[in-house]
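These notes are about the structure you will find just below.
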Amino acid sequence: MKRVRFAPSPTGYLHLGNARTALFNYLFAKHEGATFILRIEDTDLERSKKEYEEMLMEDLKWMGIDWDEGPDKGGPHGPYRQSERLEIYQKYVDKLLKSGYAYYCYCSEEELEKEREKAIAEGRPYRYSGKCRNLTPEERADYEAKGIKPVIRFKVPDKTVVFEDIIRGHVEIDTKEFGDFVIVRQDGMPVYNFVVVIDDALMGITHVIRGEDHLSNTPKQIVIYEALGFNIPQFAHLPIILGEDRTKLSKRHGAVSVRALKDDGFLSEAVFNYLSLLGWHPKDEREILSKEEIIKQFRIQDVNKSPAIFDRTKLRWMNGVYIREILDLEELTKRAIEFFEGFGYKADFEYYKKVMEAIRDSIETLMDIKERAKVFFVDEFPFSQEIKEEVKSDPNFYKVVEIFYQKIKDLHSITKEDFKNITKEIQKEYGFKGKGLFHPLRVALTGESSGVGLDILVEVIGIERVKFRLKRFLEYFG
RNA sequence: GGCCCCAUCGUCUAGCCUGGCCUAGGACACCGGCCUUUCACGCCGGCGACACGGGUUCGAAUCCCGUUGGGGUCACCA
């Protein structure tokens with residue numbers, strides 16, 4: 001049975017880069033019938049927060065990604081939160097210490113920092129010297145007596161680590177590239193490169209799918225797998241996602257968390273679809289694919305090696321496709337409610353639905369509702385300077401509105417058809433047509449010079465509000 | 001800087017492994033036209049790329065080498 005995992009650290013909202021990693025793990029799991037595990041990597045006490053863990057899970061669920069085992073639902077390989085697995089790690093630290101694969105190091109941070117600076121100044125790469133590798137029991141006792149707290153380092157064997165990455169192919173790295181690294185901090189907290197191995201091994205992970213930024217960690221982890229006699233999983237390192245300046249996508253690129261996208265009015269289906277196309281492509285040329293279709297076609301070995309730039313414009317386009325073509329009106333309206341309310345546009349569900357029907361073709365995100373739906377909610381809009389001048393300079397402007405008002409003032413309802421008939425009548429009787437007819441009406445009715453079809457507008461807002469708006473216009477300019 | 005990785009339109013990519021079907025296909029964006037009471041949608045068309053230089057070969061986007069450019073990584077962070 002194949003098993004994969006997504007292992008974020010709870011230090012903020014779910015970032016797009018991580019979201020894509022989670023997504024590809026999920027797609028792999030669903031395509032292969034594998035088990036998907038969510039593990040929380042919270043060994044960095046300073047930055048990890050419980051609230052972030054909650055938000056991470058919410059964001060994943062919003063994306064349409066769910067898991068089989070995790071801190072919230074348990075499973076046979078728990079606990080799924082690293083801060084709750086400390087005794088487990090201790091056991092393996094002891095094992096490594098006993099077998100000579102790990103040792104105590106008493107070098108101070110300042111001391112190490114000096115060595116590092118010196119190395120940089122001399123233009124050579126810094127590696128830990130291995131000074132504490134072979135301390136005698138007396139030397140250790142001496143340090144301990146001075147009250148110096150040690151870290152624990154892994155005694156890295158001198159060798160070339162080789163592995164076959166599913167995406168990148170053959171990878172070879174000499175352990176001289178990193179030297180003895182720390183596996184347990186001074187405060188006793190084990191470090192990522194160590195715990196990730198223990199967890200992946202104990203949780204039976206068969207495929208480690210993660211960002212390319214972890215590629216250089218892989219050999220460190222492999223030597224630990226070997227020291228502990230664990231089976232080494234297969235690795236697949238995903239190309240990273242870049243911002244428009246071609247550097248790794250990060251906070252400074254603006255709103256790049258899935259939470260921010262959600263708040264900006266993006267639909268989860270569109271985000272799911274768009275992200276799946278970053279570094280991967282289906283066999284045919286269709287780009288709008290359902291979750292099911294993506295799962296069916298997704299093959300991890302087809303993922304690109306080269307990094308991709310996150311293109312918000314294309315995401316917007318795709319989101320627009322989902323708004324106008326994929327979601328049904330009922331569902332779309334449900335998702336739009338919080339946005340309507342957020343903009344102060346109050347109405348009942350049926351009214352929202354009518355508005356959505358009228359504007360869905362002209363918006364790309366739910367945020368766009370603000371501008372596009374305004375005319376359905378605001379009756380007392382301001383008349384701009386432009387409008388005032390226009391009305392003044394063209395006597396027909398006012399006249400058209402007046403004629404129209406006379407024709408509808410005794411009506412008790414108005415439909416799209418009524419509107420069309422009335423405008424046709426005016427055309428016949430007075431000769432006003434095209435822009436000369438519709439533009440004044442639009443301005444009188446909405447204060448705008450473009451927007452939804454007026455026939456639809458009047459039907460949705462209803463005869464009373466039509467009268468109100470026209471009267472207001474006539475009185476203002478009369 | 002060391003090590004590693006990457007390299008097709010501005011962007012996402014197809015093609016590359018198994019050279020010829022590639023005068024390099026699709027999508028976003030952009031430009032033009034059509035539709036239309038306006039905007040938007042939709043439809044049609046256009047612009048636009050194999051980073052460069054050497055090889056190998058009858059033939060290279062595809063294979064090899066180099067150069068250049070870009071990225072990642074070098075923590076008691078994950």
Side-chain angles (χ1 to χ4, degrees), chain A residues 7-11 18 41-44 46-48 82 105 107-109 112-113 116 119-120 122-128 149-153 165 168-169 171-174 176-179 181-193 195-196 210-217 219 237 239-240 242 244 246-248 274 277-288 304-318 320 324-325 359-364 368 372 420 423 427 433-443 446 448-455:
Chain A
S9 36
T11 57
N18 283 138
E41 309 225 318
D42 55 352
T43 55
D44 183 352
E46 310 259 312
R47 299 195 301 149
S48 297
Q82 291 185 328
C105 169
C107 298
S108 71
E109 283 194 66
L112 263 19
E113 186 55 38
R116 193 173 299 131
I120 291 169
E122 290 170 10
R124 63 186 160 81
Y126 168 75
R127 303 280 117 79
Y128 175 64
K149 284 258 195 188
V151 299
I152 299 174
R153 285 181 186 273
D165 190 282
R168 326 201 71 88
V171 180
E172 263 182 42
I173 298 178
D174 199 292
K176 281 192 190 65
E177 290 305 322
F178 45 89
F181 55 92
V182 172
I183 58 172
V184 180
R185 298 183 180 88
Q186 207 166 30
D187 64 6
M189 197 49 108
V191 143
Y192 167 77
N193 272 316
V195 296
V196 71
R210 70 209 330 182
E212 188 199 321
D213 45 338
H214 284 289
L215 190 63
S216 59
N217 283 324
H237 287 94
I240 53 168
L242 308 177
E244 275 163 49
R246 298 178 175 280
T247 61
K248 198 160 83 165
Y274 176 75
L277 260 27
L278 242 36
W280 176 80
H281 199 269
K283 280 297 162 210
D284 56 29
E285 288 182 332
R286 291 184 315 127
E287 296 194 298
I288 305 296
N304 285 167
K305 286 197 248 288
S306 46
I309 295 172
F310 174 66
D311 182 1
R312 203 181 166 86
T313 306
K314 185 153 184 177
L315 207 211
R316 278 188 68 93
W317 162 78
M318 192 173 278
R324 74 181 96 88
E325 294 174 24
I359 68 169
R360 67 187 300 181
D361 279 353
S362 61
I363 59 174
E364 286 189 315
D368 298 341
R372 203 66 190 184
K420 280 179 188 154
T423 49
Q427 212 174 115
K433 58 174 183 175
K435 200 179 171 190
L437 168 60
F438 292 96
H439 180 67
L441 291 183
R442 177 179 298 284
V443 170
T446 69
E448 307 279 342
S449 55
S450 68
V452 288
L454 292 177
D455 53 340

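Letters A, B, ... are given to chains in the order of the sequence lines, protein chains preceding strands, and every chain is numbered from 1. Please read these numbers as outputs of a predicted model, since none were measured by experiment. All heavy atoms count here, side chains included; hydrogens, waters and symmetry mates do not.
- The pairing partner recorded for B/rC3 is B/rG72, the criterion being a Watson-Crick or G-U wobble arrangement whose two distances lie under 3.5 angstrom.
- Distance noted for atom P between B/rC9 and B/rU62: 14 Å (whole Å).
- In this structure, A/Asp284 reaches neither bases nor backbone, as no heavy-atom distance under 4.0 Å exists between it and the strands shown.
- Of the C1' atoms belonging to B/rG69 and B/rG59, the separation is 29 Å, rounded to the nearest Å.
- Comparing the C1' positions of B/rG32 and B/rC22 gives a spacing of 27 Å, expressed to the nearest Å.
- At a threshold of 4.0 angstrom between heavy atoms, the contacts of A/Thr11 with the nucleic acid are absent.
- Comparing the same atom, C1', in B/rC12 and in B/rA7 gives a spacing of 15 Å after rounding to whole Å.
- Spacing of P atoms, B/rU13 relative to B/rU8, comes out at 9 Å, to the nearest Å.
- A/Ser362 comes within 4.0 angstrom of the backbone, heavy atoms only, and of no base.
- Projected onto RNA chain B by closest heavy-atom contact, A/Trp317 and A/Val184 fall at different nucleotides, the more 5' of which corresponds to A/Trp317.
- Residue A/Arg116 is in sugar-phosphate contact alone, with no base atom involved, counting any heavy-atom pair closer than 4.0 Å across all strands shown.
- When the side chain to side chain donor-acceptor pair (under 3.5 Å) test is applied to A/Arg185, no partner is found at least two apart in sequence or on another chain.
- Among the heavy atoms of the strands lying under 4.0 Å from A/Leu454 is at least one base atom, whether or not backbone atoms are also near.
- The residue A/Thr423 sits apart from the nucleic acid: no heavy atom pair falls under 4.0 Å.
- Pair assignment for B/rG32 gives B/rC44, based on Watson-Crick or G-U wobble hydrogen-bonding distances that are each under 3.5 Å.
- Using a 4.0 Å heavy-atom criterion, one finds that A/Asn304 contacts the sugar-phosphate atoms exclusively.
- The backbone N or O of A/Lys305 sits less than 3.5 Å from a side-chain atom of A/Arg168, completing a donor-acceptor pair.
- For B/rC50, there is no paired base (Watson-Crick or G-U wobble, both distances below 3.5 Å).
- Nucleic acid contact class of A/Val182 (heavy atoms, under 4.0 Å, all strands): sugar-phosphate only.
- Residues passing the side chain to side chain donor-acceptor pair (under 3.5 Å) test with A/Glu364 are A/Arg316, sequence neighbours excluded.
- In this structure, A/Leu437 reaches neither bases nor backbone, as no heavy-atom distance under 4.0 Å exists between it and the strands shown.
- Heavy atoms of other residues, nucleotides or ligands lying less than 6.0 angstrom from CD of A/Gln427 number more than 12.
- For A/Lys433, there are no side chain to side chain donor-acceptor pair (under 3.5 Å) partners two or more places apart in sequence or in a different chain.
- Heavy atoms of A/Arg442 sit under 4.0 angstrom from at least one base atom.
- Going from the C1' atom of B/rC6 to that of B/rU23 covers 29 Å, rounded to whole Å.
- Within the 4.0 angstrom heavy-atom criterion, no nucleotide atom of any strand lies near A/His237.
- Looking only at side-chain heavy atoms (C-beta outward), A/Val171 and A/His237 stay at 4.5 Å or farther from each other.
- When the C1' atom is used for both B/rA40 and B/rC34, the distance is 15 Å, rounded to whole Å.
- Nucleic acid contact class of A/Arg316 (heavy atoms, under 4.0 Å, all strands): none.
- Within 6.0 Å of atom CD in A/Glu113, more than 12 heavy atoms from other residues, nucleotides or ligands are found, so the atom counts as buried in its surroundings.
- With a cutoff of under 4.0 Å to any heavy atom of chain A, the contacted region of RNA chain B is bounded 5' to 3' by B/rG1 to B/rA78.
- Heavy-atom nearest nucleotides on RNA chain B were determined for A/Gly451 and for A/His281, and the one closer to the 5' end corresponds to A/His281.
- Pair assignment for B/rA27: B/rU11, on the basis of Watson-Crick or G-U wobble contacts that are both within less than 3.5 Å.
- When the side chain to side chain donor-acceptor pair (under 3.5 Å) test is applied to A/His214, the partners found at least two apart in sequence or on another chain are A/Tyr192, A/Asn217.
- A gap of 23 Å separates the C1' atoms of B/rC35 and B/rA27, to the nearest Å.
- Within 4.0 Å of A/Glu41, counting heavy atoms only, lie sugar-phosphate atoms of the nucleic acid but no base atom.
- A/Lys314 meets the side chain to side chain contact (heavy atoms under 4.5 Å, CB included) test with A/Tyr274, A/Glu287, A/Asp311, A/Trp317; sequence neighbours excluded.
- Counting any heavy atom pair closer than 4.0 Å across all strands shown, A/Lys176 reaches no nucleic acid atom.
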